[in-house]
Amino acid sequence: MSLQQQLTAGIQACVKKIYSADVPENLVQIQQTKKEFEGDLTLVVFPLLRVSKKNPEQTAQEIGAYLSDNEPLVTGYNVIKGFLNLVVDEKYYLQFLMDYASKPGFGYSPVTPDTELYMVEYSSPNTNKPLHLGHIRNNLLGWSVCEIIKASGKKVVKTNIVNDRGIHICKSMLAWQKWGNQATPESTGKKGDHLVGDFYVKFDLEYKKEIAALIAQGKSEEEAAKTAPLILEAQEMLRKWESGDLEVRSLWQTMNEWVYEGFDVTYQRLGIDFDKIYYESETYAVGRSTVLGGLDRGVFYQREDKSVWVDLTGEGLDEKILLRSDGTSVYMTQDIGTAQLRQQDYDFDKMIYVVGNEQNYHFKVLSLILDRLNYSWAKNLFHLSYGMVELPEGKMKSREGTVVDADDLMDEMIGTAREMANELGKLEGIPSEEQEAIFQMIGLGALKYFILKVDPTKNMTFNPKESIDFNGNTGPFIQYTHARIQSILRKAAETGAQATFTPAANTVITAKEKSLLKLIHEFPTVVQEAAKNLSPALVANYAFELAKEYNQFYHDHIIVQETDVSTRAFRLALTQTCGQVIKTAMGLLGIEVPERM
RNA sequence: GGUUCCGUAGCUCAGUUGGAUAGAGCAUCUGCCUUCUAAGCAGAGGGUCACAGGUUCGAAUCCUGUCGGAAUCACCA
């Protein structure tokens, strides 16, 4: 039973005793005591006034007095207005440190065989252009959410749907055919995803020219966009692809291979992985037959031009196309098929889609459609809708060349880490290979933390002109604290100092030591909260809080040089545990921590 | 125009189911390295929580309206 639960039970018993009333758990509101007051946990007494029938101060006084007499965990109390501040026995925290927090696996809840299975989709790239900062947020978020859910005691399958077919892919292919001169990643020395992306841009450029020419001939913009030769050719290519045309399929395969090789490099650097990858090219047909089945059963309807639609006007939405008039599939078709396959393959309890909030409408529609098709599991789909990464000028636009490329950004961050370390002269005497590994750790740590510390649901701003910070509330700050801790532990090991400590009746600890203990004590709760809210930001902010607290402790306590053996052992145990918790928390964010920096 | 989301310090962000005097970091200014890593620590200034009402013991948080911003409503994905 947790501290809060014990205390809640104690308070319920107390209220029963002195006011002869049963109060439900949700009226016992316990929160962390604010820093400026004395105490550790605070009971908000307002909700209890209706049973005490006394004023707030008096009620708090009575409960406080009862608890300090009858509840062993409570060693003192004070009352400020309607708030009862309780002092928790230091021994409790000390015992917690030695029995739980300092042990391996602290913070994780065990996964049992009958626990729920979560399937989490993230990344979901299009194979027509390289990854940018927006994709980085998706990948980091998805990966971290998976790790956090796992740590909270659930089973997780990380999955990805690769959008490897469709009109957008045909555009790159067509441009390559027309203007590529047989270019390959080998012949150009370009990463495959970047090379293919260049042709996607080229298509758009030429397409725009055609549109402009048609408009000059007197056509409307809409008409021009629909009848430009290039788009007609791309559409023809898509039809050929769906009918299995050998030449088109072969080019498609080749160019997708290039992109995958490029993506693999990027994924690896980001530290992202998957348990099961689905390809749209393998799932869209399932979706299509489901849609046609639904059409037979009257769930959907067909227009004169043969296109298939679902009518959601009854739900306050619009009509949505499911199959084009030429029979080819759209995005929604594929998502229907993918969901079905996943349910068949894994029989998940929950399916989480990590997809940007620009697709809120899409997922609302997807759920409704699966519901109409009578799939009982449709209600288990959840869209983790995260905010856009914006530049100070607004949204990133590939057409205007304002996208922040994922590979470039990582290079830049690692470069900055290198410069800064060299300037500070911190890594002299360390083999250069190890140095490079540390630069990478720090550069990526700065980037990952910068993104993950923000509440996923909120839009965030990234200013490319101001490089990401390495001081303050940042990844490197936390990494630095870890390195510092390891340095202390190395020193301690040299002197043979012990970190094993047994709390005694006369053990006295400082205020800072106690607040550190309290913070460590909260870690498992933070992991649970983060899993419940699908928010790595909670873990990130916790890690910062802990590192900050540790640095303050470090600043005004001697550790290795402490002469009192018991005090030294306690501080070493505290230090060791802080290092461990920082490492675990950062690990949940996909951020490695160095032994020195 | 319909729907949805957002608005907290100069900037980037925290702020649990409504709880105490709204917090961090960056930037600015001031101190602290002969002592375990100064990528650190301590301190100062900086706020009409967009605005106006309402709900109640109590509102940044819930409700309504106004203003400002974003997304979406495609035979794009």
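Order of the sequence lines sets the chain letters (A, B, ...), proteins ahead of strands, with each chain counted from 1.
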Modelled atom types, side-chain donor and acceptor of A:T42 and A:T33, under 3.5 Å: yes

Salt-bridge present (A:K512, A:E549; N to O < 4.0 Å): yes

Touch class at under 4.0 angstrom, heavy-atom based, for A:M460 against every strand present: sugar-phosphate

Between B:A74 (P) and A:I321 (CD1): distance, integer Å: 10 Å

Nearest-angstrom distance, P atom, B:A52 to B:U61: 13 Å

Closest to side chain of A:Y554, choosing from B:G40, B:C36, B:A70: B:C36

For B:G23, the Watson-Crick or wobble counterpart (both distances under 3.5 Å): B:C13

Spacing of the P atoms in B:A44 and B:A71 (rounded, Å): 41 Å

Under 3.5 Å on both distances, the Watson-Crick or G-U partner of B:A60: none

For B:G1, the Watson-Crick or wobble partner whose two distances fall under 3.5 Å: B:C73

ring centroid sep under 5.5 Å plus plane angle under 30, A:F37 with B:A20: yes

Sugar-phosphate only, base, or nothing, as touched by A:F470 at under 4.0 Å among non-hydrogen atoms: base

Partner nucleotide of B:C41 by Watson-Crick or wobble geometry (both distances under 3.5 Å): B:G31

Sugar-phosphate only, base, or nothing, as touched by A:Q359 at under 4.0 Å among non-hydrogen atoms: base

Distance between C1' atoms of B:U17 and B:G31 (Å, rounded): 43 Å

pi-stack flag for A:Y480 and B:G40, centroid dist under 5.5 Å, interplanar under 30°: no

B:C32 and B:G69, which share atom name P, separated by this distance in whole Å: 49 Å

Sugar-phosphate only, base, or nothing, as touched by A:V454 at under 4.0 Å among non-hydrogen atoms: sugar-phosphate

Atom-to-atom span, CD of A:E545 to P of B:G23 - whole angstrom: 13 Å

Sugar-phosphate, base or nothing in reach of A:Y361, heavy atoms under 4.0 Å: sugar-phosphate

Watson-Crick or G-U counterpart of B:C36, or none if no pair lies under 3.5 Å: none

Touch class at under 4.0 angstrom, heavy-atom based, for A:F544 against every strand present: sugar-phosphate

Any strand: nucleotide that pairs with B:G7 via Watson-Crick or wobble, under 3.5 Å: B:C67

Donor on one side chain, acceptor on other, A:N551 and A:T481, under 3.5 Å: yes

Sugar-phosphate, base or nothing in reach of A:K34, heavy atoms under 4.0 Å: base

Parallel, tilted or perpendicular: ring planes of A:F46 versus A:F83, cut at 30 and 60 degrees: perpendicular

Sugar-phosphate, base or nothing in reach of A:I488, heavy atoms under 4.0 Å: sugar-phosphate

Interatomic distance at P, B:G43 relative to B:G25, whole Å: 10 Å

Under-3.5 Å donor-acceptor pair between A:D469 side chain and B:A27 base: no

Residues A:R165 and A:E280 bridged, charged N to O under 4.0 Å: yes

Sugar-phosphate only, base, or nothing, as touched by A:N128 at under 4.0 Å among non-hydrogen atoms: nothing

Sugar-phosphate only, base, or nothing, as touched by A:Q29 at under 4.0 Å among non-hydrogen atoms: base

Sugar-phosphate only, base, or nothing, as touched by A:T481 at under 4.0 Å among non-hydrogen atoms: nothing

B:A38 phosphate, OP1 or OP2, under 4.0 Å from A:R484 side-chain N/O: yes

Distance between P atoms of B:A50 and B:A60 (Å, rounded): 10 Å

Sugar-phosphate only, base, or nothing, as touched by A:D335 at under 4.0 Å among non-hydrogen atoms: nothing

B:A59 and B:G53, which share atom name P, separated by this distance in whole Å: 14 Å

Touch class at under 4.0 angstrom, heavy-atom based, for A:A537 against every strand present: nothing

Options B:U16, B:A77, B:U37, nucleotide nearest the side-chain atoms of A:R490: B:U37

Exam field: side chain A:T333 to backbone A:L322, donor-acceptor pair closer than 3.5 Å: yes

Salt-bridge criterion met for A:E242 and A:R288 (N-O under 4.0 Å): yes

Aromatic ring pairing A:W241/A:W252, orientation class (parallel under 30°, perpendicular over 60°, tilted between): perpendicular

Sugar-phosphate, base or nothing in reach of A:T461, heavy atoms under 4.0 Å: sugar-phosphate

